[in-house]
Amino acid sequence: MNRQNQSHDYDHDHDHGHDRPHGEISQSGRPGYYDVMETAVRELLVKRQLFGPDEIRRQIEVLDSRTPALGAAIVARAWVDPAFRARLLANGRTACEEFGITFYDDTELIVLENTDKVHNLIVCTLCSCYPRPVLGLPPDWYKLKPYRARAVSEPRAVLAEFGTIFPDDVEVRVHDSTAMFRYLVLPRRPEGTEDYSEEQLAGLVTRDTMIGVVPASINSRRTAQ
Amino acid sequence: LEKPRPGPGRYPPLVRSRSFDLATAFEFRGAPVGHYRVPIYLRGKTGSVEAAIEPAAVDNEEEGYGRNAGSKLHYYRVAIPMTEIWPDYVGSPRDGLRIEVFETWLERI
């Protein structure tokens, strides 16, 4: 894409409301091996009528509809409702479903509660397993090899790069999602939030707090996704 | 196959049916061909089974080749100290890892 932008002729007038000219928005280069494989498999499945194009489109819509706001609402409810919190820790999936969040796949959800003695961090070393039904798509760094390798080999160094440092009497517990299970970190409720409403609390719960790279803080604000 | 129970457990360094030592072969040839759900960095390590996960599930690695034949076994939640995985681990000796492992990959010690 960069190469294309560099060779693009900027002299002509786009005249569609931009301050500065830009390259044509296009896919450059040939599709890769796995792009071709995905297209071939998808077309074969459609041809065999195992599912239709509209089902694929609808599933993409479902995936795109999930954002960290869902997980944040779950966390805030767990903070204000001890009975819900207990159900959430006992079975993450059924508690989320009770809350109205549907799961569109066969994965189970294990909710990991941070305490003053244990801090939880989630990773998927083999690929990019992530609690998508409750958080949406993972951030790019979560999918890249440096995070995946380092989260399990030097988690404290990784956490320190996110500004998160714990004394040695706090156990850093890393959870490698590799099978049918997804994890969601239940961060600790920040001090000084006793008067907060459930909605205000949810606003403090960011994506990264539910991955476990940072604690929830009274200064954190979840921006619109 | 005897079912592992909560308590100390050990990951086999290789698929048990193999007769040669893949633990050595890893250094030269990498993992066996295919997508396995037990990462190589945990093969041969010792951990403790914390819980059996219900309900029983099909073996995804066999299912991927159409061979599960409806048989179901359990995933186990396994705890492994970081210092067991990485002899030169930098951090607290309390630090640990949790992972769910299908029971065909577990060997009782």
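Letters A, B, ... are given to chains in the order of the sequence lines, protein chains preceding strands, and every chain is numbered from 1.
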Decide if atom [atom1] of [X] counts as having more than 12 heavy atoms of other residues, nucleotides or ligands within a radius under 6.0 Å.
X        : atom1 : value
A:Glu191 : CD    : no
A:Asp105 : CG    : yes
A:Asp54  : CG    : yes
A:Arg57  : CZ    : yes
B:Glu54  : CD    : yes

Let me know if [X] has heavy atoms under 4.5 Å from chain B in its side chain, its backbone, both or neither.
X        : result
A:Asp169 : both
A:Val118 : neither
A:Thr125 : side chain

Roughly how far apart are [X] [atom1] and [Y] [atom2], rounded to 0.5 Å?
X        : Y        : atom1 : atom2 : answer
B:Leu97  : A:Arg173 : CG    : CZ    : 10.5 Å
A:Arg182 : B:Glu100 : CZ    : CD    : 10.5 Å
B:Ile53  : A:Glu108 : CD1   : CD    : 8.5 Å
A:Arg156 : B:Tyr89  : CZ    : OH    : 5.5 Å

Original post:
Should B:Arg98 and A:Leu112 be marked as a side-chain contact (heavy atoms from CB on, under 4.5 Å) after you check the CA-CA gap, both sets of side-chain angles, and the distance that decides it?
Top reply: CA-CA 11 Å; B:Arg98 298 293 184 277; A:Leu112 310 158; over 6 Å; no
Original post:
Of all residues at least two apart in sequence or in a different chain, which pass the ring pair (Phe, Tyr, Trp, His ring centres under 6.0 Å) check with A:Phe166?
Top reply: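 Result, ring pair (Phe, Tyr, Trp, His ring centres under 6.0 Å) vs A:Phe166: A:His119.
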**OP:** Would you mind checking which part of B:Tyr41 comes under 4.5 Å of any heavy atom in chain A, side chain (CB onward), backbone (N, CA, C, O), both or neither?
**Re:**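 Just the side chain, heavy atoms under 4.5 Å.
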Subject >> For the student: nearest non-hydrogen atoms of A:Asp176 and B:Pro39, plus distance >> reply: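 Looks like OD2-CG, 3.7 Å.
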Subject >> Listed partners of A:Arg85 passing salt bridge (Lys or Arg N to Asp or Glu O under 4.0 Å), at least two apart >> reply: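 A:Arg85 satisfies salt bridge (Lys or Arg N to Asp or Glu O under 4.0 Å) with A:Glu113 only.
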Original post:
Would you say the side chain of A:Val172 lies within less than 4.5 Å of the side chain of B:Met82, judging by non-hydrogen atoms?
Top reply: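 A side-chain contact under 4.5 Å is absent here.
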